[in-house]
S.K.: 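Next up is a structure, given as structure tokens.
Naming convention: chains lettered A, B, ... in sequence-line order (proteins, then strands); numbering from 1 in each chain.
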Protein chains: 2
Amino acid sequence: MKNIEIDEEIYQCIVSNTQFIGESASSILRRLLSIEAETQPSTSPKEPVVTKTVSQEPVPVTKPVEVTVAKDINETVFNYVNKEELAMQRGAVGRFLLILAALYRGHTTQFSEVLEISGRDRLYFAKSEKELAESGSSTKPRQIPDSPFWVMTNSNTTRKKMMLTKVANALGYNEDDAEKIRELL
Amino acid sequence: MKNIEIDEEIYQCIVSNTQFIGESASSILRRLLSIEAETQPSTSPKEPVVTKTVSQEPVPVTKPVEVTVAKDINETVFNYVNKEELAMQRGAVGRFLLILAALYRGHTTQFSEVLEISGRDRLYFAKSEKELAESGSSTKPRQIPDSPFWVMTNSNTTRKKMMLTKVANALGYNEDDAEKIRELL
DNA sequence: GATTCGATCGGAGGGATAGTTA
DNA sequence: TCTAACTATCCCTCCGATCGAA
């Protein structure tokens with residue numbers, strides 16, 4: 001993966017060509033550029049050409065359950081994460097909250113399992129600001145966007161990553177996916 | 001400026017389209033995308049095509065000049081402003097820069113007129129950080145994204161709004177549009 | 001005296017790291 | 001005691017209201 005810096009206008013142009021929630025910049029650009037690469041007038045620009053590339057390998061329906069589930073989860077969550085929005089965040093806290101929000105959206109019902117995750121004496125997650133605030137000093141509670149959950153935010157990036165890993169695990173992700181999630185931060 | 005993550009393939013594709021030493025990703029992409037953006041075979045690739053989506057209502061060619069101009073300007077600029085992106089900014093400074101960037105994009109050639117706008121002793125706009133910094137103390141110069149211009153940032157919101165109004169006027173907007181622009185902040 | 005302008009300084013957010021505890 | 005895990009202090013940067021200056 002490479003990071004490139006582009007201006008607002010280009011960014012908007014790319015974003016406005018998103019064809020599904022969570023589509024990555026690469027995916028969008030591949031579509032746009034490949035159409036352009038042919039000097040031909042674009043025929044059917046709406047076709048989600050790129051997408052297909054990714055899901056090339058047919059999902060093996062016969063495979064063991066765990067694998068299938070993992071795949072579902074994976075797709076679910078990564079669709080909820082908007083890479084561009086992530087990249088735009090000023091600091092790790094913003095990304096942290098965005099990722100958690102995506103996980104919540106993808107696992108609304110089981111999400112309360114994260115309440116089990118906590119530090120030695122501080123709580124990491126709670127259903128109210130107060131609860132978190134009272135479990136330590138300067139915990140800097142923040143609400144996970146569009147959810148009834150709050151997170152403790154006063155920690156270094158390393159710990160935030162650990163927290164993400166724990167959340168991923170609690171929600172049933174395998175190591176690989178947990179790693180991917182962790183690395184979003 | 002935005003950072004986006006793209007895969008190697010896309011990256012190579014972009015790089016290989018460089019047309020001069022030091023060309024930025026934005027510049028390359030602008031070329032590539034504007035060719036692509038028109039569903040038609042590219043006629044004049046330099047046209048800010050993206051804009052068209054929004055400008056559904058045909059521009060009345062027969063109307064008086066002033067009106068036409070105002071309309072063009074209006075469309076140009078408001079298309080360049082992404083409301084969501086604006087809303088996402090943490091503070092007024094972020095929005096301020098975004099709006100100015102949009103104005104720059106819409107009026108690249110005349111934009112140097114803003115250099116006339118200044119305070120009693122401080123400069124408000126300049127072509128370099130240094131210039132601004134030296135014109136006062138703690139002016140907090142910031143580059144207007146994707147432009148060679150810098151703005152003074154150390155002021156209250158009211159003054160930032162005034163600055164926007166002045167810029168809008170300098171670029172030929174009427175009171176109404178200037179007001180709209182000011183209110184974006 | 002009224003108004004405009006400048007830039008200081010308090011406040012908030014972020015997060016590395018020093019310090020603490022198990 | 002030594003170490004690993006965890007906490008929260010504290011420093012830094014960014015904002016922008018406020019108040020003194022012109």
S.K.: Measure from CG on A:N154 to C1' on C:dT17 and round the result to the nearest Å.
M.R.: 12 Å
S.K.: Rounded to the nearest 0.5 Å, how far does OH of B:Y124 lie from CD1 of B:I117?
M.R.: 10.0 Å
S.K.: What distance separates A:K166 NZ from A:R159 CZ, expressed to the nearest 0.5 Å?
M.R.: 7.5 Å
S.K.: What are the 5'-most and 3'-most nucleotides of DNA chain D lying under 4.0 Å from any heavy atom of chain A?
M.R.: D:dA5 to D:dC15
S.K.: With clusters defined by side-chain heavy atoms of hydrophobic residues (ILVMFWY) lying less than 4.5 Å apart, directly or transitively, does B:M162 cluster with B:L171?
M.R.: no
S.K.: Do B:K127 and B:E131 sit within salt-bridge range, that is, some charged N less than 4.0 Å from a carboxylate O?
M.R.: no
S.K.: From the list C:dC5, C:dA16, C:dA7, which nucleotide is the closest neighbour of the side chain of B:R122?
M.R.: C:dA7
S.K.: Just wondering, more than 12 heavy atoms not from B:D121 lying within 6.0 Å of its CG?
M.R.: yes
S.K.: Could you state the CE-P distance from B:M152 to C:dG6, rounded to the nearest angstrom?
M.R.: 7 Å
S.K.: B:Y104 and B:F111: aromatic ring centres closer than 6.0 Å?
M.R.: yes
S.K.: Would you indicate what B:M163 reaches in the nucleic acid, counting non-hydrogen atoms under 4.0 angstrom: base, sugar-phosphate, or nothing?
M.R.: nothing
S.K.: Rounded to the nearest 0.5 Å, how far apart are OG of A:S155 and NZ of A:K140?
M.R.: 11.0 Å
S.K.: Which comes earlier along DNA chain C counting from the 5' end, the contact point of A:D121 or that of A:A92, where each point is its nearest nucleotide?
M.R.: A:A92
S.K.: To the nearest 0.5 Å, what is the distance between CG on A:L132 and OG1 on A:T153?
M.R.: 9.0 Å
S.K.: For B:F96, answer base if it contacts any base atom (sugar-phosphate contacts may also be present), sugar-phosphate if it contacts only those atoms, and nothing otherwise; contact means non-hydrogen atoms under 4.0 Å.
M.R.: nothing
S.K.: Measure the spacing between OG of B:S118 and CE of B:M152 and express it to the nearest 0.5 Å.
M.R.: 9.5 Å
S.K.: Rounded to the nearest angstrom, tell me the gap between atom CG in A:N156 and atom P in C:dA16.
M.R.: 6 Å
S.K.: Less than 4.5 Å apart, side chain to side chain, heavy atoms only: is that true for A:N169 and A:E175?
M.R.: yes
S.K.: Describe, as an angle rounded to 10 degrees, how the axis at the first end of the helix from C:dT3-D:dA22 to C:dA22-D:dT3 is tilted relative to the axis at the last end, five pairs per end.
M.R.: 30°
S.K.: So how far is it from A:D176 CG to A:I181 CD1, rounded to the nearest 0.5 Å?
M.R.: 11.0 Å
S.K.: Hey, is the side chain of B:R90 poking within less than 4.0 Å of OP1 or OP2 on C:dG13, counting only N and O atoms?
M.R.: no
S.K.: Heavy atoms within less than 4.0 Å of DNA chain C: which residues of residues 132-144 of chain A have one? Give them sorted by number.
M.R.: A:K140, A:R142
